[in-house]
Amino acid sequence: MPSKPSKPSGPGRPKDLEKRAAILEAAKNLFPQRGFDGVSMDAIAAEAGVSKLTVYSHFKDKDALFSEAVKCRCESQLPHELFEVKPGHGPIRDALGAIARAFYALCTSAEAVELYRTMSARAMTDPKLSQLFYEAGPKRTLGEFETFLRQANAAGTLEVPDPVRAAQHFFAMLKGELHSRLVVGCCDCVPEAEACAHIDSVVDLFLRAHAPR
């Protein structure tokens, strides 16, 4: 008896996921290089090796693609697992240090610096784009760290009366004067020893403020 023909694989699926990933990778590369206005959906499609119709089938417009590209960049360098408080997995200083180093590496990367410059240049003319950037990037990171601080409070490893404000303080201190120098073009990079000393000092200061009494 002849065997039945195999059924075609169902819709959406591995190839769709691969194309979406390629589109996002293209967006993550092109937006920092060319700025928001300098990137078209045609350019994204060409960089990703897909049709423009495929780009629009995954992202309704350039705003949505930009927002998702920022979110993916943050999640790749500051994954959710980094913000999980795990009792018995080393001192809280190690966890804070890991978050601090990952955040500093992200915000001082060439791609992030170019995006900050783009957002600053467009702040007065396109506040909607600035809001998309903030919600996809900084706001998401702040929220993750606020949850981390609440978990540390519950575990008794930190004492943070106001996790929202403490999270803002932590990341503002990490960016500090070094990040300002990069954004305004006073230097191309910060020496590794100087960056490490800065990160350690911020973590130490945060712990002195919030160590359990």
Side-chain angles (χ1 to χ4, degrees), residues 2-84 98-123 125-148 171 175 179 182-183 188-189:
S3 59
K4 294 181 181 179
S6 59
K7 293 182 180 179
S9 58
R13 314 123 328 196
K15 284 192 176 179
D16 282 353
L17 295 177
E18 289 172 8
K19 288 178 181 178
R20 179 183 173 86
I23 294 165
L24 281 172
E25 192 62 29
K28 287 189 289 184
N29 291 334
L30 292 181
F31 280 124
Q33 291 175 14
R34 305 182 187 178
F36 185 82
D37 288 334
V39 177
S40 66
M41 296 297 253
D42 285 305
I44 295 287
E47 180 79 5
V50 301
S51 69
K52 186 164 73 169
L53 183 61
T54 299
V55 177
Y56 278 109
S57 72
H58 288 278
F59 303 96
K60 65 178 183 178
D61 54 29
K62 192 164 72 166
D63 285 0
L65 178 53
F66 175 79
S67 178
E68 190 65 20
V70 172
K71 178 183 175 183
C72 286
R73 175 71 72 183
C74 290
E75 288 179 345
S76 67
Q77 294 193 243
L78 287 161
H80 173 73
E81 294 75 20
L82 196 63
F83 297 94
E84 293 179 344
I99 293 170
R101 287 188 295 273
F103 174 80
Y104 186 83
L106 173 61
C107 75
T108 59
S109 67
E111 296 85 358
V113 169
E114 285 304 317
L115 276 177
Y116 274 110
R117 288 171 178 164
T118 297
M119 293 302 102
S120 297
R122 296 178 62 98
T125 59
D126 194 353
K128 177 187 173 185
L129 184 66
S130 298
Q131 189 66 28
L132 285 173
F133 170 76
Y134 174 74
E135 291 181 358
K139 184 177 180 180
R140 174 258 173 195
T141 303
L142 280 168
E144 290 274 35
F145 192 56
E146 289 163 19
T147 300
F148 171 90
F171 292 126
K175 288 171 70 175
H179 182 260
L182 286 170
V183 171
D188 294 326
C189 64

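Sequence positions, counted from 1, serve as the residue numbers for this chain.
- In this structure, the side chain of Ser67 does not engage the main chain of Asp63 through any donor-acceptor pair within 3.5 Å.
- Summarising the geometry of Leu82 relative to Ala102, their closest heavy-atom pair is CD2-CB, 3.7 Å, with the distance given to 0.1 Å.
- In this structure, the separation between CD1 on Ile99 and CZ on Phe148 is 4.0 Å, given to the nearest 0.5 Å.
- No close placement of the Phe59 and Phe66 rings is indicated, their centers lying 6.0 Å or farther apart.
- Nearest heavy atom pair, residue Leu129 against residue Met119, reads CD2-CE, 3.7 Å.
- The line from CD of Glu47 to NZ of Lys28 is 12.5 Å long, rounded to the nearest 0.5 Å.
- Using a distance-only test at 3.5 Å, with no hydrogens or angles considered, a donor-acceptor pair links the side chain of Gln33 to the main chain of Asn29.
- A heavy-atom distance below 4.5 Å is not found between the side chains of Tyr134 and Val70.
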* What do the steps show when you test Arg140 against Leu78 for side-chain contact (heavy atoms from CB on, under 4.5 Å), and what is the final call? -> CA-CA 10 Å; Arg140 174 258 173 195; Leu78 287 161; 3.7 Å; yes
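- Closest non-hydrogen pair, Lys175 versus Cys107, comes out as CG-SG, 4.0 Å.
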* To do: Could you walk me through whether Arg101 and Tyr104 pass the side-chain contact (heavy atoms from CB on, under 4.5 Å) test, one step at a time?
  => CA-CA 5 Å; Arg101 287 188 295 273; Tyr104 186 83; 5.9 Å; no
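- Note: Glu84 CD to Thr147 OG1 = 10.5 Å, rounded to the nearest 0.5 Å.
- Summarising the geometry of Gly137 relative to Cys74, their closest heavy-atom pair is CA-SG, 3.6 Å, with the distance given to 0.1 Å.
- Here the straight-line distance linking atom NZ of Lys19 with atom CG of Leu17 works out to 11.0 Å at 0.5 Å rounding.
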* Take Arg73 and Phe31, measure what side-chain contact (heavy atoms from CB on, under 4.5 Å) needs, and give me the verdict at the end. => CA-CA 12 Å; Arg73 175 71 72 183; Phe31 280 124; over 6 Å; no
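- Between the CD atom of Glu25 and the CD1 atom of Ile44 there is a distance of 11.0 Å, given to the nearest 0.5 Å.
- Between atom CZ of residue Arg20 and atom CD of residue Glu18 there is a gap of 14.0 Å, rounded to the nearest 0.5 Å.
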* To do: Give the intermediate values and the outcome of side-chain contact (heavy atoms from CB on, under 4.5 Å) for residues Lys62 and Met41.
  => CA-CA 7 Å; Lys62 192 164 72 166; Met41 296 297 253; 4.1 Å; yes
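- The two residues Pro138 and Phe133 have their closest heavy-atom pair at CD-O, 3.3 Å.
- Nearest heavy-atom pair across Ile23 and Leu65 is CG2-CD1, 3.9 Å.
- Below 30°, between 30° and 60°, or above 60°: for Phe103 and Phe171 the angle between ring planes is between 30° and 60°, a tilted geometry.
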